[in-house]
Amino acid sequence: MSFKNQGARVWRKTGEKEMPKCLKSSVKYPQSVMVWGAMSAAGVGPLCFIKGRVNAASYQEILEHFMLPSAEKLYGDEDFVFQHDLAPAHSAKTTGKWFTDHGITVLNWPANSPDLNPIENLWDIVKRKLRDARPNTLDELKAAIEASWASITPQQCHRLIASMPRRIEAVISAKGFPTKY
């Protein structure tokens, strides 16, 4: 017997037919949104919902209006090291000058290296928390993301940051090949 082109098959118990965990969304064009957020071992900062593409100028606006207040909230007057990837807006000369002008140290991260930034794991946590949410509008999606982000605890952030030495050691041991992180 062939099941080609008949969709996914699901085994479920009697009475589970309409339970959300047994259903798969069939939205043809799901809502999507680009979000910027910051974290430290002390917790998370405010989110920035981004419209359109991010270039160096718009990224610097995000840094000015979201990263600086986040840093103030999370660090106060303490020095910190900022980590981001090597996206073109992040590695632009004008962005480097912005950080220098603001006296912020940026973690030097080599090109073509694994993305070990712990915020990627935090975004995975946020996405897992959103699995049962079924937003129908962009506003509902944003509200669900904000609620999920607000539920992130400082302890979760601290654990992710504290895992960095293990992550780096795993990459070194694997000679740059994939790791469990």
Side-chain angles (χ1 to χ4, degrees), residues 32-130 138 141-142 144-181:
S32 68
V33 66
M34 190 178 331
V35 184
W36 181 94
M39 68 173 288
S40 79
V44 297
L47 292 177
C48 173
F49 290 95
I50 301 166
K51 293 179 183 175
R53 298 180 61 109
V54 177
N55 59 27
S58 62
Y59 182 58
Q60 291 161 37
E61 287 292 315
I62 293 167
L63 294 172
E64 189 76 35
H65 298 290
F66 290 88
M67 190 277 286
L68 289 179
S70 294
E72 178 66 30
K73 172 190 167 197
L74 298 169
Y75 294 102
D77 290 335
E78 293 180 43
D79 288 337
F80 63 94
V81 176
F82 187 77
Q83 181 181 3
H84 56 184
D85 59 24
L86 295 176
H90 303 178
S91 56
K93 288 180 184 177
T94 57
T95 301
K97 182 179 178 339
W98 186 94
F99 280 106
T100 301
D101 291 349
H102 287 80
I104 298 169
T105 303
V106 176
L107 182 66
N108 188 14
W109 206 249
N112 301 318
S113 63
D115 189 355
L116 297 178
N117 191 333
I119 202 163
E120 297 302 334
N121 299 93
L122 198 63
W123 289 124
D124 286 340
I125 292 168
V126 168
K127 288 176 189 173
R128 277 196 306 273
K129 290 178 181 222
L130 289 173
L138 192 56
L141 176 60
K142 287 179 179 181
I145 292 169
E146 286 175 332
S148 178
W149 185 256
S151 73
I152 299 294
T153 66
Q155 293 80 11
Q156 287 174 297
C157 295
H158 180 75
R159 277 194 303 274
L160 289 171
I161 301 251
S163 72
M164 281 302 292
R166 291 189 308 276
R167 294 163 183 266
I168 293 168
E169 181 57 41
V171 170
I172 292 168
S173 294
K175 296 185 167 88
F177 285 96
T179 69
K180 70 177 185 175
Y181 297 106

* Asked: Under 3.5 Å, is there a donor-acceptor pair linking the side chains of Asp85 and His90?
  -> yes

* Donor + acceptor pair across side chains of Arg167, Asn121 (<3.5 Å) -> yes

Can you tell me if [X] uses its side chain to pair, donor with acceptor, with the backbone of [Y] under 3.5 Å?
X: Lys51; Y: Val33; value: no
X: Glu169; Y: Pro165; value: no
X: Asn117; Y: Glu120; value: no
X: Thr100; Y: Gly96; value: yes
X: Thr95; Y: Ala89; value: yes

* So does His158 have more than 12 non-hydrogen atoms from other groups sitting under 6.0 Å from NE2? -> no

* To do: Answer yes or no: are there more than 12 heavy-atom neighbours, outside Asp124 itself, under 6.0 Å from its atom CG?
  => yes

* Asked: Heavy atoms, side chains only, cut-off 4.5 Å: are Leu122 and Val44 in contact?
  -> yes

* Do Ile50 and Val35 come within less than 4.5 Å of each other through their side chains, counting heavy atoms only? -> no

* To do: Tell me, with the steps shown, if Val171 and Phe177 meet side-chain contact (heavy atoms from CB on, under 4.5 Å).
  => CA-CA 7 Å; Val171 170; Phe177 285 96; over 6 Å; no

If you look at every heavy atom in [X] and [Y], which pair is closest and at what distance?
X: Ser151; Y: Gln156; value: O-OE1, 3.9 Å
X: Phe82; Y: Met67; value: CE1-CG, 3.5 Å
X: Gly45; Y: Trp149; value: O-NE1, 2.7 Å
X: Leu47; Y: Phe66; value: O-CE2, 3.3 Å
X: Gln83; Y: Leu116; value: NE2-C, 4.5 Å
X: Thr179; Y: Ala174; value: CG2-CB, 4.0 Å

* To do: Take Thr105 and Asp79, measure what side-chain contact (heavy atoms from CB on, under 4.5 Å) needs, and give me the verdict at the end.
  => CA-CA 8 Å; Thr105 303; Asp79 288 337; over 6 Å; no

Just verifying a value: how many Å separate [X] [atom1] and [Y] [atom2], rounded to the nearest 0.5 Å?
X: Leu86; Y: Ser91; atom1: CG; atom2: OG; result: 6.0 Å
X: Phe49; Y: Leu141; atom1: CZ; atom2: CG; result: 7.5 Å
X: Asn55; Y: Arg53; atom1: CG; atom2: CZ; result: 9.0 Å
X: Ile62; Y: Ser70; atom1: CD1; atom2: OG; result: 11.5 Å
X: His84; Y: Phe99; atom1: NE2; atom2: CZ; result: 4.5 Å
X: Gln60; Y: Leu63; atom1: CD; atom2: CG; result: 7.0 Å

* Asked: Which is it for Glu64 and His102 under the side-chain contact (heavy atoms from CB on, under 4.5 Å) test, yes or no, and what are the steps along the way?
  -> CA-CA 10 Å; Glu64 189 76 35; His102 287 80; 3.3 Å; yes

* Asked: Going by the angle between their ring planes, with limits at 30° and 60°, are Tyr75 and Phe80 parallel, tilted or perpendicular?
  -> parallel

* What do the steps show when you test Leu68 against Ile104 for side-chain contact (heavy atoms from CB on, under 4.5 Å), and what is the final call? -> CA-CA 10 Å; Leu68 289 179; Ile104 298 169; 3.8 Å; yes

